[in-house]
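In what follows, a structure is listed as structure tokens, so that the remarks can point back to it.
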Amino acid sequence: MDTVDLHPLLEQAEENIDDLEEALAPLLNTPLSDISSKLPLLDKAKLHVISTYAIESILFSYLLLNGENAKEHAVFTELTRLKQYFEKIKQAETGPLKRDLSLDKQAAGRFIKHALSGNEKYDLERSERQAREKANVHIKFDELSER
């Protein structure tokens, strides 16, 4: 078997950890409540979810490195829950989905019909129109049957 030199990978991982510590220094040196109190509500939610996700993902990585089955651990369910929070925040940012504004013609017809019922003039016109439509149907039916 070929052996792989892990020293460059370890050095790179160490550099990445140093960069991460440097980037997180403002958050680690200041209480989270002080930072979040100055933020708008949505940004505050993002900060709390992201910081919690970072901690949980570090725990998940720790479990993996120690040979544990991290997907069956409670940390994995917490990571899944936090991903759902990310989706909720994304929905809050983009706003609700646009509804298809289409007219339900049958429902509109029922509303109008019920609103106009009791109007004697409309009821008379409607009954006359229905009678004409029935007569037209019978005439067309008779014409078709003669052919």
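Starting from 1, each residue takes its place in the sequence as its number.
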Answer yes if [X] and [Y] sit in the same cluster of Ile, Leu, Val, Met, Phe, Trp and Tyr residues linked by side chain heavy atoms under 4.5 Å apart, and no otherwise.
X: L32; Y: L28; result: yes
X: Y53; Y: I58; result: no
X: L64; Y: L79; result: yes

Does atom [atom1] ([X]) have a neighbourhood of more than 12 heavy atoms from anything else shown, all under 6.0 Å?
X: Y62; atom1: OH; result: no
X: E128; atom1: CD; result: yes
X: E22; atom1: CD; result: no

Can you check whether Q12 reaches L9 side chain to side chain, under 4.5 Å on heavy atoms?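 Heavy-atom side-chain distance check passes, below 4.5 Å.
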Just verifying a value: how many Å separate [X] [atom1] and [Y] [atom2], rounded to the nearest 0.5 Å?
X: R132; Y: S127; atom1: CZ; atom2: OG; result: 9.5 Å
X: R129; Y: K134; atom1: CZ; atom2: NZ; result: 12.5 Å
X: T94; Y: I89; atom1: OG1; atom2: CD1; result: 12.0 Å
X: L20; Y: N16; atom1: CG; atom2: CG; result: 8.5 Å

Identify the residue among R81, K71, E56 that makes a side chain to side chain contact (heavy atoms under 4.5 Å, CB included) with F76.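 When R81, K71, E56 are each tested with F76, the side chain to side chain contact (heavy atoms under 4.5 Å, CB included) holds only for K71.
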Using ring-ring contact (aromatic ring centres under 6.0 Å, His included) as the criterion, list what pairs up with Y85, not counting sequence neighbours.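 In terms of ring-ring contact (aromatic ring centres under 6.0 Å, His included), with neighbours along the sequence ignored, Y85 is linked to no residue.
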Under a 3.5 Å cutoff, is there a donor and acceptor pairing between the side chains of E133 and N136?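 No, N136 and E133 have no side-chain donor paired with an acceptor closer than 3.5 Å.
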Nearest atoms (heavy-atom pairs only) where I35 meets P26: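 Heavy-atom minimum between the residues: CD1-O, 4.1 Å.
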Validation: residues 37-49 side-chain donor-acceptor distances under 3.5 Å, sequence neighbours left out:
| unit_1 | atom_1 | unit_2 | atom_2 | d |
| --- | --- | --- | --- | --- |
| S37 | OG | S33 | O | 3.3 |
| S37 | OG | D34 | O | 2.9 |
| K46 | NZ | E93 | OE2 | 2.3 |

Any residue meeting side chain to side chain contact (heavy atoms under 4.5 Å, CB included) with E15, in chain and number order, not counting sequence neighbours: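 For E15, no residue satisfies side chain to side chain contact (heavy atoms under 4.5 Å, CB included) once neighbours in sequence are set aside.
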